[in-house]
Trainee: 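Input: one structure, supplied below.
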2 protein chains.
Amino acid sequence: MITIGQLAGYVGVSIKTIRVYHDKGLLQEPDRDASGYRRYGANDAIDLIKIRTLAEAGVPLARIRDLRSATNEEFRQALREIEDELTDRIRGLRATQGRLRQLAAGCLAPLPTEVGAHLEHLARWGFTPRWADLQRDLWILVFATHPDHAITLFHDQAETLADPALRQLFLDYDHAHDLDADDPRIDDLARRIAEATRERYGLDEPPELDAASDIPALIQRTVNASSPAWQRLDTLIRAQRDA
Amino acid sequence: MITIGQLAGYVGVSIKTIRVYHDKGLLQEPDRDASGYRRYGANDAIDLIKIRTLAEAGVPLARIRDLRSATNEEFRQALREIEDELTDRIRGLRATQGRLRQLAAGCLAPLPTEVGAHLEHLARWGFTPRWADLQRDLWILVFATHPDHAITLFHDQAETLADPALRQLFLDYDHAHDLDADDPRIDDLARRIAEATRERYGLDEPPELDAASDIPALIQRTVNASSPAWQRLDTLIRAQRDA
DNA sequence: CTGCAACCCTGCCCTTGGGGAAGGGTCAAG
DNA sequence: CTTGACCCTTCCCCAAGGGCAGGGTTGCAG
């Protein structure tokens with residue numbers, strides 16, 4: 001009949017942990033000796049080892065307690081579920097590890113240099129600083145969240161801006177910021193942009209982020225928020241595109 | 001400039017989490033708009049994503065906060081450490097998974113049937129119920145903690161008991177329980193047991209559990225505790241063996 | 001025989017990483 | 001003008017223990 005300290009030392013848990021398991025009804029309170037010390041037998045050690053195995057697998061103590069009164073078949077079933085959860089968690093951790101590595105690789109270069117260069121071009125092409133800042137934020141966000149997809153998108157964008165006619169559309173977009181929301185030039189611009197988009201990408205979808213991502217919407221909302229004219233422009237373009 | 005809810009929804013955390021990160025100094029409090037709402041920009045989103053990546057890797061928030069003011073080289077170093085820790089944790093989880101499977105396999109059979117049969121033999125051979133119970137506890141413990149080694153040990157033990165002369169030694173051990181601690185028959189028995197052990201295993205070590213395990217000591221302590229005579233017997237045997 | 005160190009007991013508060021509700025202000029759409 | 005969806009702060013709650021106080025036991029060494 002061993003003491004709580006021996007049991008703890010052997011199974012590799014703290015004394016406190018054992019007492020907590022008693023309190024929560026996971027491990028049966030053993031008999032006490034004459035001086036009130038808990039005295040454990042081999043069965044207690046075995047129970048504790050089982051409990052620990054489950055607890056280390058991340059099973060909440062309450063669930064372990066409930067499992068104590070489960071039938072054997074329920075218990076097996078629960079074990080299968082727990083194992084699956086564990087597999088998922090391991091997969092999750094590996095994914096996290098991957099993101100961690102990306103973070104390590106990118107911690108010095110928030111943006112590729114070509115993007116920086118591109119952003120400097122913007123001013124020379126006549127874009128406002130406001131536009132350039134917006135673009136910078138946008139690309140930071142895209143590169144941070146979709147590191148593998150971002151560069152493709154960026155090249156597409158850079159290519160678009162290299163064409164003077166298309167660039168003019170973006171310049172107009174930029175300068176529409178301060179127009180009234182009901183200025184007819186906005187309708188005209190929306191028409192021209194929708195047309196150019198169709199011409200450039202045909203009926204194919206333009207390159208986009210992950211379908212599951214709501215980044216585009218987020219970005220667009222951010223953009224729209226700063227000007228009613230832009231807000232209206234966005235609405236019109238969508239209407240034309242979906243027509 | 002997005003609101004806290006948008007930021008949260010986008011990065012995939014709860015609003016509360018963001019506020020906690022503000023409180024703990026992980027994420028800088030952004031400016032408020034006219035109505036006191038927090039307004040976030042793209043940089044905040046990026047910071048939050050980084051923080052989340054670290055937090056999901058299990059890094060304590062306090063450490064993440066400290067990392068904010070680390071130099072770039074320190075940061076890289078920390079990332080390496082974190083990745084290693086993560087690798088360890090994944091390994092640990094896989095080990096747990098293995099133990100879980102053993103638990104699933106063994107949940108119906110705490111002891112192999114041959115062990116059960118062996119224990120029933122004990123009574124017929126003249127061992128006391130006390131001895132049989134002790135043996136049962138012992139084997140439960142050994143099988144639970146060293147599932148791969150246990151069967152070997154058990155076979156060795158069963159083989160020993162199959163020999164009537166050796167079995168008599170164990171019977172004497174059993175019945176020595178109620179002798180006085182200074183009974184001379186104990187000295188005699190200790191001598192005979194030590195001799196038989198040498199004869200059976202020669203100078204080789206007798207089969208044992210893991211060197212790192214303190215189970216044998218635990219078991220022996222448990223055994224000794226129930227009788228001063230056994231206690232002395234154990235002392236004498238050790239003395240003879242180590243001589 | 002008497003220290004004294006090493007155990008054990010209970011009870012209480014502390015921590016981490018948030019969750020959830022209370023109580024109140026804001027915003028946009030119908 | 002109301003309604004629902006946001007946002008604000010403050011407060012309490014949870015799991016799974018850690019740690020300490022204040023007090024009793026044991027075993028071993030001098």
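These numbers were taken from a predicted model, which means no experiment stands behind them. Just so it is clear: chains get the letters A, B, ... in the order the sequence lines come, proteins before strands, and each one is counted from 1. Just the heavy atoms: all of them, side chains too, but no hydrogens, waters or symmetry mates, feed the values below.
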Trainee: Not counting sequence neighbours, list each pair that qualifies as a salt bridge (Lys or Arg N to Asp or Glu O under 4.0 Å) and has a residue in residues 92-102 of chain B.
Mentor: A/Glu56-B/Arg99, A/Glu83-B/Arg101
Trainee: Rounded to the nearest Å, what distance is computed from the CD1 atom of residue A/Ile51 to the P atom of nucleotide D/dA16?
Mentor: 13 Å
Trainee: By the 4.0 Å heavy-atom rule, please label B/Arg52 as base, sugar-phosphate, or nothing.
Mentor: sugar-phosphate
Trainee: Could you check how far CZ of B/Arg63 sits from P of C/dG17, rounded to whole Å?
Mentor: 12 Å
Trainee: Between B/Tyr173 and B/Trp131, how do the two ring planes meet: parallel, tilted or perpendicular, split at 30° and 60°?
Mentor: tilted
Trainee: If you check the B/Arg32 side chain, which of D/dT9, C/dC8, C/dG17 turns out closest?
Mentor: D/dT9
Trainee: Can you tell me whether the side chain of B/Tyr21 and the base of C/dG18 have a donor-acceptor pair closer than 3.5 Å?
Mentor: no
Trainee: Minimum heavy-atom separation for B/Pro30 and B/Arg39, please, with both atom names.
Mentor: CB-O, 3.2 Å
Trainee: Distance check: side-chain N/O of B/Ser14 vs OP1/OP2 of C/dG18, anything under 4.0 Å?
Mentor: no
Trainee: Calculate the interatomic distance between B/Arg38 atom CZ and D/dC7 atom P; express it in whole Å.
Mentor: 10 Å
Trainee: Among the nucleotides D/dA16, C/dT10, D/dG18, which one has an atom lying closest to any side-chain atom of A/Thr17?
Mentor: D/dG18
Trainee: Can you find a side chain N or O atom of A/Arg19 that sits less than 4.0 Å from OP1 or OP2 on D/dG17?
Mentor: no
Trainee: Taking the nucleotide of DNA chain C with the closest heavy atom to each, which residue, A/Ile15 or B/Lys24, is nearer the 5' end?
Mentor: A/Ile15
Trainee: Any idea which of D/dC7, C/dG17, D/dG17 is nearest the B/Ile4 side chain?
Mentor: D/dC7
Trainee: Between C/dC8 atom P and A/Met1 atom CE, what is the distance in whole Å?
Mentor: 16 Å
Trainee: Quick one: is A/Ser35 getting a side-chain N or O under 4.0 Å of the D/dT26 phosphate, OP1 or OP2?
Mentor: yes
Trainee: More than 12 foreign heavy atoms under 6.0 Å from CD of B/Gln28: is that the case here?
Mentor: no
Trainee: Rounded off to whole Å, could you give me the NE2-to-P distance for the B/His22 and C/dG17 pair?
Mentor: 17 Å
Trainee: Side-chain donor or acceptor of A/Lys16 under 3.5 Å from a matching atom on the base of D/dG18?
Mentor: yes
Trainee: From C-beta outward on A/Tyr37, which listed nucleotide comes closest to its side chain: C/dC7, C/dT26, C/dG19?
Mentor: C/dC7
Trainee: Round to a whole Å and report the spacing from CD1 of A/Ile2 to P of C/dC7.
Mentor: 14 Å
Trainee: Specify the separation, in whole Å, of atom CZ of A/Arg39 and atom C1' of C/dC8.
Mentor: 9 Å
Trainee: Closest-nucleotide mapping onto DNA chain C: is B/Asp33 or B/Ala62 further toward the 5' terminus? I mean the 5' end.
Mentor: B/Ala62
Trainee: How many Å lie between CD on A/Glu29 and C1' on C/dC9, as a whole number?
Mentor: 11 Å
Trainee: What residue among A/Arg52, A/Glu29, A/Arg65 forms side chain to side chain donor-acceptor pair (under 3.5 Å) with A/Tyr21?
Mentor: A/Arg52
